[in-house]
**Student:** 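Would you mind keeping the following structure in view while I ask a few things?
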Amino acid sequence: MEPINELIAVRKEKEKALKELGIETYPQDRGPYITTEEISLRFGTLSHEELEKTDERVSAAGRIMSFRDFGKSTFVHIQDRKGRIQVYVRKDVLKNPEYSIFKRFDIGDIIGVLGRVFKTKTGELTVLAEEIKLLTKSLRPLPEKWHGLKDIEERYRKRYLDLIVNPGVKEIFIKRAKIVEYIRRYFNERSFIEVETPMMQVIPGGAVAKPFITHHNALGIDLYLRIAPELYLKRLIVGGFERVFEINRNFRNEGISVRHNPEFTMLEFYQAYSTYEDLMDMTEDMVSSLVYELYKTYKITYNGQEIDFSRPWKRITMEDALKEFGGLDISEFIDTNRLTSYARELGIESPEKDKRGKLITKVFEELCEKHLVQPTFITDYPVEVSPLAKRSKDRPEITERFELYIAGMEVANGFNELNDPEDQKDRFLQQIQEKEEGATMDEDYITALEYGLPPTAGEGIGIDRLTMLLTDSPSIREVILFPLLKP
RNA sequence: GGGCCGUUAGCUCAGUCCGGUAGAGCAGUUGACUCUUAAUCAAUUGGCCCCAGGUUCGAAUCCUGGACGGCCCA
């Protein structure tokens with residue numbers, strides 16, 4: 001604990017003094033209080049005269065955010081979950097407590113106010129306080145009223161302060177909640193069932209990523225925090241649910257950046273008897289209608305560029321994207337050695353270690369990603385980078401898979417699920433042979449496939465990244481309440 | 001992992017190039033003020049200048065190492 005500074009000492013003294021005057025500093029209190037928003041809605045449209053005539057009292061509660069003292073009267077603003085309202089406290093109107101006691105309150109204290117609503121001569125809706133109750137004494141000074149809390153590190157470490165003094169921050173998380181709520185409703189309406197699958201897995205599968213390791217003492221075994229729920233969700237399709245979705249955390253023990261947090265939220269959904277084309281349609285429909293629901297338009301701004309979500313979205317194969325955005329005709333690179341040297345020129349590290357399909361994908365990412373600003377589905381991913389996706393009927397080296405890019409960011413990934421147990425086993429073995437990160441043979445998953453996974457398409461959508469886009473946030477940390485920081 | 005930048009009062013920031021008593025605004029404290037809203041006016045308190053070394057008569061400032069954070073790259 002840091003040393004107690006003077007400002008805190010002064011407040012503790014005040015708290016003591018209030019207690020000695022018989023004022024409870026941490027009472028339990030249930031109001032009832034109405035919100036500042038409700039007050040605005042009910043009284044905001046009334047004129048001075050109409051307000052004069054109403055005899056009604058309102059009772060609101062909130063944190064004191066400003067304190068303008070005029071001697072025998074004081075203006076304060078209180079802030080609740082919905083906003084702020086001004087409170088006018090006059091020595092000759094305030095009945096309880098005595099005005100002199102109210103004057104001992106501080107910015108940051110949480111109070112309840114009872115009084116009539118009126119409009120000041122500047123027209124601001126204001127509660128004229130007759131009674132004020134201290135609900136919680138605040139012992140620490142808030143950040144400055146005008147500049148707020150700017151220090152990014154401090155904003156994340158003390159998110160509660162960020163939320164109190166930077167109003168836009170709360171809006172982001174309200175929007176995030178709306179996004180998740182909308183998605184949940186979207187799937188529920190289409191008879192998907194929401195499920196929860198293990199966070200702690202014996203075999204971490206469903207993606208290529210380094211897992212976090214934990215330990216179960218009683219069983220004496222290591223467990224892995226999941227990197228993806230995929231293999232469990234598909235077991236449920238085998239089990240006959242046919243339509244499932246899960247919105248939950250994944251954990252990947254990798255770098256931290258503006259787009260990566262070690263724990264992040266993923267939507268995954270699987271639908272039997274459908275194709276990845278169906279999922280592209282569904283994604284377009286869901287995301288564009290979500291954007292419309294939030295903004296009543298399909299066009300939003302992200303990072304200074306306009307993004308248009310109106311349908312249809314561009315669909316283009318990886319090969320064609322390479323041609324269109326990178327000026328690269330992959331048919332001229334049948335010779336993989338040529339591709340390898342090209343990749344090296346692009347700055348891709350040790351390209352000779354990568355198989356052809358992986359290399360093509362890396363070149364694609366290098367050349368094309370940044371150009372994919374408008375919502376774009378890239379299709380036909382190489383089989384080497386798609387170990388759980390079904391091969392294309394005509395071209396076994398590519399899969400029936402897409403990724404969705406928006407603002408140069410990978411937002412979604414979906415494909416026809418590989419349901420041939422032989423092929424799946426081979427792909428797992430291939431990964432293990434190539435010593436890919438976290439590659440393990442999940443025998444039980446193969447067994448499940450042997451019982452029969454119906455033709456299914458599945459998809460994952462990164463909720464954090466989607467929220468970044470829809471709140472114009474430059475960093476994933478702006479959309480995660482408590483992003484990971486070194487202690 | 002590499003490069004660049006940042007860390008000074010509770011908060012927002014000057015001061016660092018070019019070493020010489022640590023500053024401002026807000027917040028706090030005291031006083032004045034019964035329609036203000038970044039209220040105003042007067043006075044005033046408050047510092048581990050991120051940490052540890054080094055250079056120097058003297059270091060917030062220069063040098064070395066480290067911590068934490070930001071951006072970019074991998």
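Convention: sequence-line order gives letters A, B, ...; per-chain numbering from 1.
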**Student:** rC5(B) P sits how many Å from Asp151(A) CG, rounded?
**Tutor:** 19 Å

**Student:** For rA74(B) versus rA27(B), give the span between their C1' atoms, rounded off to a whole number of Å.
**Tutor:**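 It works out to 44 Å between them.
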
**Student:** Examine rU36(B): is either OP1 or OP2 under 4.0 Å from a nitrogen or oxygen in the side chain of Arg68(A)? Give yes or no.
**Tutor:** no

**Student:** Given rC68(B), is OP1 or OP2 found less than 4.0 Å from the side-chain N or O atoms of Arg157(A)?
**Tutor:**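 No, outside the criterion.
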
**Student:** Checking all strands, does Leu7(A) fall into the base, sugar-phosphate, or nothing category for heavy-atom contacts under 4.0 angstrom?
**Tutor:**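 Base: the residue Leu7(A), judged by heavy atoms under 4.0 Å, touches a nucleobase.
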
**Student:** Determine the contact category for Arg84(A): base if any of its heavy atoms lies under 4.0 Å from a base atom, sugar-phosphate if only primed atoms, P, OP1 or OP2 are that close, otherwise nothing.
**Tutor:**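 The answer is nothing, as Arg84(A) stays clear of every strand by at least 4.0 Å.
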
**Student:** When the distance from CZ of Phe105(A) to P of rG28(B) is rounded to whole Å, what number comes out?
**Tutor:** 15 Å

**Student:** Please give, in whole Å, the distance from rG69(B) P to Lys158(A) NZ?
**Tutor:** 16 Å

**Student:** Reckon Thr120(A) touches a base, only the sugar-phosphate, or nothing at all at heavy-atom distances under 4.0 Å?
**Tutor:** base

**Student:** Can you tell whether the side chains of Asp92(A) and Arg90(A) come within less than 4.0 Å, N to carboxylate O?
**Tutor:**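 Yes, charged N to carboxylate O under 4.0 Å.
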
**Student:** Please determine whether a side-chain nitrogen of the Lys or Arg among Lys137(A) and Asp106(A) lies less than 4.0 Å from a carboxylate oxygen of the Asp or Glu.
**Tutor:** yes

**Student:** Could you check whether Glu400(A) pairs with Arg391(A) (Lys NZ or Arg NE/NH1/NH2 to Asp/Glu carboxylate O, under 4.0 Å)?
**Tutor:**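 No, Glu400(A) and Arg391(A) are not salt-bridged.
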
**Student:** Can you tell me, in whole Å, how much space there is between the P of rU44(B) and that of rC48(B)?
**Tutor:** 22 Å

**Student:** Scan Lys121(A) against the nucleic acid and name what it touches under 4.0 Å (heavy atoms): base, sugar-phosphate only, or nothing.
**Tutor:**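 Touches a base.
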
**Student:** Tell me which of Lys14(A) and Leu142(A) sits closer to the 5' end of RNA chain B, going by the nucleotide each one is nearest to.
**Tutor:** Leu142(A)

**Student:** Considering only atom P, compute the distance from rG28(B) to rU21(B) and round it to an integer number of Å.
**Tutor:**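 The answer is 31 Å between these two P atoms.
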
**Student:** Counting just side-chain N and O atoms, does Lys145(A) come under 4.0 Å of either OP1 or OP2 of rU12(B)?
**Tutor:**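 Answer is no, no contact under 4.0 Å.
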
**Student:** Does rG20(B) pair with anything, Watson-Crick or G-U wobble, both distances under 3.5 Å, and if so, with which nucleotide?
**Tutor:**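 Answer to the pairing question: rC57(B), which forms a Watson-Crick or G-U pair with rG20(B).
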
**Student:** Does atom CD (Glu98(A)) have a neighbourhood of more than 12 heavy atoms from anything else shown, all under 6.0 Å?
**Tutor:**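 Open: at most 12 neighbouring heavy atoms sit under 6.0 Å from CD of Glu98(A).
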
**Student:** Glu124(A) near the nucleic acid: base, sugar-phosphate alone, or nothing, with a heavy-atom cut-off under 4.0 Å?
**Tutor:**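 Answer is base: heavy atoms of Glu124(A) come under 4.0 Å of a base.
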
**Student:** At under 4.0 Å between heavy atoms, what does Phe67(A) touch on the DNA or RNA strands: base, sugar-phosphate, or nothing?
**Tutor:** nothing

**Student:** Which is true for Gly148(A) with a 4.0 Å heavy-atom rule: it touches a base, it touches only sugar-phosphate, or it touches nothing?
**Tutor:**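 It contacts sugar-phosphate atoms only.
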
**Student:** For Gln86(A) and rC35(B), give me the distance from atom CD to atom C1', rounded to whole Å.
**Tutor:**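 Whole-Å distance recorded here is 8 Å.
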
**Student:** If you measure from the P atom in rC62(B) to the same atom in rU8(B), how many Å do you get, rounded?
**Tutor:** 16 Å

**Student:** Across the strands shown, which category fits Val93(A) at heavy-atom distances under 4.0 angstrom: base, sugar-phosphate, nothing?
**Tutor:** nothing

**Student:** Taking CD from Glu154(A) and P from rC13(B), how many angstroms apart are they, rounded to a whole number?
**Tutor:**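 To the nearest whole Å, that distance equals 13 Å.
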
**Student:** Tell me: CE of Met65(A) to P of rG10(B), nearest whole Å?
**Tutor:** 19 Å

**Student:** Write down the distance separating the P atoms in rG69(B) and rU29(B), rounded off to the nearest Å.
**Tutor:** 35 Å

**Student:** Between Asp109(A) and Arg63(A), does at least one N-O distance fall below 4.0 Å, as a salt bridge requires?
**Tutor:** no

**Student:** State the pairing partner of rU7(B); accept Watson-Crick or G-U wobble contacts with both distances under 3.5 Å, and report none otherwise.
**Tutor:**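 Base partner found: rA67(B).
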
**Student:** Salt bridge or not between Lys355(A) and Glu434(A)? Use side-chain N to carboxylate O under 4.0 Å.
**Tutor:** yes

